[in-house]
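Down below is the structure, laid out as structure tokens.
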Amino acid sequence: MRLRFGLGQNVPIEGAGKRLNFINLLRLSISERVESMENYNSMEIEGKWQNFWQRNNSFKPETDSDKKKYYVLEMFPYPSGRLHMGHVRNYTIGDVIARYRMMCGFNVLHPMGFDSFGQPAENAAIKRGIVPKEWTEGCIELMVKELKKLGFSYDWDREIATHKPEYYRWNQWIFKRMFDCGLAYKKKSPVNWCPLCKTTLANEEVIDDACWRCKTEVVQKDLEQWYLKITEFQDVLLEDLNTLYDWPQRVRTMQSNWIGKSFGVEIYFRETSTDKVISVFTTRQDTIFGATYVVIAPEHQILKEIIKGKPEEKQVLDFISKVSKKSKVVRSSTDVKKEGVFTGCFAINPVNNEQVQIWTADYVLIGYGSGAIMAVPAHDQRDFLFAKQHSLPLRIVIKDSRHPDLEQQDLTCAYEGNGELINSAQFNGIDNNSAKLKIVDWMEQDKIGQKKVCFKLRDWLISRQRYWGTPIPIIYCKNCGIVAVPDQDLPVKLPENIKISGKGGSPLSAVKEFINVVCPKCSGEAKRETDTMATFVDSSWYFLRFCSTNSKDALFVKDEVNYWMDVDQYIGGIEHAVLHLLYSRFFTKFFKKQGLLDCSEPFRKLLTQGMVKKDGEVMSKSRGNVVDPDEMIKKYGADSLRVCILFAAPPEDGFNWNEKGTDAAWRFLNRVWTAVQRFLKLKALAKCEQNLEFDSRLKFKMHTTIKKVTKEFNVGFKFNTVISSIMELVNEIIPALSIAELKQVYSKMLENAIDSVVLLLSPIAPHICEELWELLGHKKGIINAEWPKYEIKALAQDEINLIVQVNSKVRAKIILPANIGEDELKSKVLSNDKIKQWVKDKPIKNIFIIKNKLVNIVV
RNA sequence: GGGCGAGUGGUGGAAUGGUAUACACGAUGGACUUAAAAUCCAUUGGCCGUAAGGCCAUAAGGGUUCGAAUCCCUUCUCGCCCACCA
């Protein structure tokens, strides 16, 4: 038999009597000590150490340090005034990593700030009749308090808030640099408009055709707006994704899909009556001989020109206006039938001079490619459905090897696979993929088409018709046109005491003293731009500001940015996979091109943490299922909350909140607390220190735990299993402690094991560990203590528990000396009684040996 | 429609080719207590068996392998992302 609860795990104890005896002895000692042990007081301890850290500037990075730098950053919050569990999870993960790195001797930068511009402040201001600034700063104060209560290791001297002029003036400065080189520009075009927020939205902010913030359906409006030319960097933004191998694959895929680079050909069709050229974009030039009609987007300029005077003109114009009224959702829905009309015009397919009909249809988009397509119904499902609906001809040009004799009239769906070309003149017989290149070459030679690369990425629309944001530093002058505000006049300050009606339009346009200015060029009358910048501008470079927060005459100090960047570990939610993370990459690349910094990517490693839900649903005020972290702190303490949130699931997975978890975490911390108290008492009373029988087991467990924990803190970040393995070590220490108490002696090994638990746990539960570390007699604080190291030697056990299988089924477990010779091992295994029973006199076919672990005898 | 990921006890989860269910939660029984809470001890995937022990089980089915939760194929279910992108 074996003793389950501790040291005896691998040690067989003969006879039940001995076991009972042992347990009874343990019980005695337990009941004796329980009376004198108190639970730990989280409130008192947490306050004590938070003050200590603050007094000692414990988390201030060194200047001119010869230590290796480590920059760990969590996505900064919007100051809503209340911390939610998602924040707690995000910041706890970051804090554990930061504290671990500090203990490993890195010079760690771990800052925090607030993304404090944005609409909720305006809404709250309207609701409460106060100004957004007041509301925002009140919220920041509350959140700082809560963050401090969780004991996060931030250097608060670097705190930033984006609504402050000393921050947003640099947004304006950046905008101006972009304006100077044509990367910030104004154009009129259809934009996404949220009727509820009464503002424009970037493409990235439109989710399922609805506003990302309020979920209202977005409409299209034709407006003149400011854009940032992110497309200038589209190639490098795509290529450099390959250098981000420490990003989750799916984030890279999402960005790559968003940028959406595709290689194709632009082919020129001529309209027969006007001789106008209609360019179509395709990636399937191999099917050009199967193009049986052309479709132009209803919004296409050329459409109105070619239909002029045709009998079909009216029906086409009616169709255009009908489509313009359709919402984007309806239009793009895949289960709604595609609508279109014949234009009465014809085009010549340049590869065979065939005359084909020109149609216009709502399934062709103006915004992508050339806004016109060649339709190949035999090999494109959308074209196929449309052709069937309108009885348009089709022609098979790729042979489907599974149905080689299929006639076109028998097709039930488009064949989109590969195969040999047919009905394709000189290209017949060639495999369609190799034909692609040949056809492009031929088209370029004959000037009927040319290679073209298309991107889905659009320029970034940054104008917002809102008040609570960075004013765009532009002045409109009657004489000089668009004039940028001179650098010496920055920041263009947001007027602070202003009434927000919420009635729409930029609130700034009502502030006379703001809009009316003198033109910096001609000193004539001029007006300011009243739109503000999207808040994603603020967060696109805040990680750079943290490197030199107080820089007064530049957005950052180049040397400091070059020292700290890139961010070694970035942590945040997956919802920013394309928004913030793409914009930040864009800004970084722009700065590099301007010579402002040296790094080309902002975030080397990215961890996207999962959502904290309640009963399978997102926690939200409207659902009324919000769990307040502050209440949990009051009830159990910050350390318990931190342990709980990390223990529940691996960081990348979502999980359901369960208060039982905090309770369990609290019990675990108490077990550690009690164990240390018992040890201290024992050490004080002990007659002597000597080696004890559990030492070697404890040593092995301690070193394997250090190894496992260290590994996870470096890569993987599976904090749930980190905590389990620390729990296992504690579960080993407690019975050892009982034995030591009985004998009234302690061993150095026991002390080391206890020290290790406190050290390993300290990044996760820093307050209690600081307290215990001090109680254990260590000076200068655990944050300055050295991270424990494991000895490779100690990981080897003298004895191993060998699993013996017969025909792959476990039949015996034998304790053998480690590194036993193969022959000796075989003879020991085969002479084992249980194994003998299973093998009997069957001939042994093979024996597989996994060293120090397992033997499989095949009979 | 396309892409990516996942499916393991009553629950959260562990194990990434070698003892399936670590560590917790919950549950049940017990100790302590006047009692409760807390704490401690024991049991806890299913089936058969007094026990020793045996058999079965990682969504379903098949394959590779001495050996599969893990690799491959098929199917189902769920989640996330993208989606008329030519």
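Reminder, nothing fancy here: chain letters follow the sequence lines and each chain counts from 1.
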Considering only B/A22, B/A86, B/G18, which nucleotide approaches the side chain of A/Y368 most closely? B/A86
Could you list, one pair per line, each protein nitrogen or oxygen that sits under 3.5 Å from a nitrogen or oxygen of nucleotides 65-68 of chain B, together with the distance?
from	atom 1	to	atom 2	distance (Å)
B/C66	O2'	A/S808	OG	3.3
B/C66	O2	A/N856	ND2	2.6
B/G67	O4'	A/S808	OG	3.2

Considering only atom C1', compute the distance from B/G17 to B/A24 and round it to an integer number of Å. 28 Å
Using the side-chain heavy atoms of A/I373, tell me which of these nucleotides is nearest: B/A86, B/A15, B/C23. B/A86
Over-ring placement of A/R811 relative to A/W838, 6.0 Å and 45° cut-offs: yes
Report the distance from atom CE of A/M611 to atom P of B/G5, rounded to the nearest whole Å. 21 Å
Can you tell me if A/R678 touches the phosphate of B/U39, counting only side-chain N or O atoms and a distance under 4.0 Å to OP1 or OP2? no
May I ask you to verify if any side-chain N or O of A/R811 is less than 4.0 angstrom from the OP1 or OP2 atom of B/G53? no
Under a 3.5 Å cut-off for both contacts, is B/A6 paired Watson-Crick or G-U wobble with anything, and if yes, with which nucleotide? B/U77
Roughly, in whole Å, what's the span from NZ in A/K718 to P in B/C23? 19 Å
Does B/G9 fall in syn (glycosidic angle within 90° of 0) or anti? syn
Which of A/I849, A/I857, A/V855 passes side-chain contact (heavy atoms from CB on, under 4.5 Å) with A/K826? Answer is A/I849
Specify the separation, in whole Å, of atom CG of A/D833 and atom P of B/A52. 18 Å
Where each residue is assigned the nucleotide of RNA chain B containing its nearest heavy atom, which of A/N720 and A/Y363 is assigned the position nearer the 5′ end? A/N720
Sidechain-backbone polar pair: A/R458 side chain, A/T231 backbone, donor-acceptor under 3.5 Å: no
Under 3.5 Å, is there a donor-acceptor pair between the side chain of A/N720 and the main chain of A/L646? no
Just verifying a value: how many Å separate A/E266 CD and A/C454 SG, rounded to the nearest 0.5 Å? 7.5 Å
With both distances under 3.5 Å as the test, what is the Watson-Crick or G-U wobble partner of B/G1? B/C82
Hey, what do you get for CG (A/L579) to CD (A/Q255), rounding to the nearest 0.5 Å? 10.0 Å
Say we look at B/U70 and B/U16: how far apart would their C1' atoms be, to the nearest angstrom? 5 Å
Partner of B/U19 by Watson-Crick or G-U wobble geometry, both contacts under 3.5 Å, or none? none
Touch check for A/V364, heavy atoms < 4.0 angstrom, all strands: base, sugar-phosphate only, or nothing? base
Using atom C1' in both nucleotides, what's the gap between B/C76 and B/A86 to the nearest angstrom? 33 Å
Using atom P of each nucleotide, how far apart are B/G18 and B/C25 to the nearest Å? 28 Å
Mind calculating the distance between NZ (A/K261) and C1' (B/A86) to the nearest angstrom? 18 Å
Taken to the nearest whole Å, CD/A/E659 to P/B/G26 is 12 Å
Is A/S725 touching bases, backbone alone, or none of the nucleic acid, heavy atoms closer than 4.0 Å? nothing
Check for a donor-acceptor pair, side chain of A/H379 on one end and backbone N or O of A/I398 on the other, with a separation under 3.5 Å. yes
Please pick, from B/G53, B/G18, B/G26, the nucleotide with the shortest atom-to-atom distance to any side-chain atom of A/K834. B/G53
If you assign A/F655 and A/Q249 each to the RNA chain B nucleotide with the nearest heavy atom, which residue ends up on the more 5' nucleotide? A/Q249
I'd like a table of atom pairs between the protein and nucleotides 78-82 of chain B - only N or O on both sides, under 3.5 Å - with the distance next to each one.
from	atom 1	to	atom 2	distance (Å)
B/C80	O2'	A/R250	NH1	3.3

pair_partner(B/C32), Watson-Crick or wobble, both distances < 3.5 Å, evaluates to none
Applying the Watson-Crick and G-U wobble criteria at under 3.5 Å, what pairs with B/A52? Answer none if nothing qualifies. none
Look through every strand shown and name the nucleotide pairing with B/G26 as Watson-Crick or G-U wobble, where both distances are under 3.5 Å. B/U44
Any chance you could lay out the side chain to side chain contact (heavy atoms under 4.5 Å, CB included) test for A/T705 and A/S756, step after step, and finish with the verdict? CA-CA 9 Å; A/T705 308; A/S756 299; over 6 Å; no
Given that both distances must come in under 3.5 Å, which nucleotide forms a Watson-Crick or G-U wobble pair with B/C71? B/G63
Holding to salt bridge (Lys or Arg N to Asp or Glu O under 4.0 Å), I want the full list of residues that pass it with A/D639, two or more places apart in sequence or in another chain. none
Nearest-Å distance, CD1 (A/I803) to P (B/A15)? 18 Å
Using modelled atom types only, decide if a donor and an acceptor are shared between the side chain of A/D362 and the backbone of A/E339 within a distance under 3.5 Å. yes
Interatomic distance where CD belongs to A/E652 and P belongs to B/A6 [whole Å]: 12 Å
Considering only atom P, compute the distance from B/C23 to B/C47 and round it to an integer number of Å. 23 Å
For B/U39 and A/R671 - does any side-chain N or O of the residue sit under 4.0 Å from the phosphate oxygens OP1/OP2? no
Ring centroids only, cut at 6.0 angstrom: are A/F713 and A/F719 within range, meaning strictly under it? yes
Rounding to the closest angstrom, what is the interatomic distance between B/A6 and B/G67 at atom C1'? 25 Å
Roughly how many Å apart are B/U43 and B/A36, using the P atom of each and rounding to a whole number? 24 Å
What's the gap between B/C48 and B/A38 when it is taken at their P atoms, as a whole Å value? 34 Å
Is A/S370 reaching over with its side chain to a backbone N or O of A/S279, donor-acceptor style, under 3.5 angstrom? yes
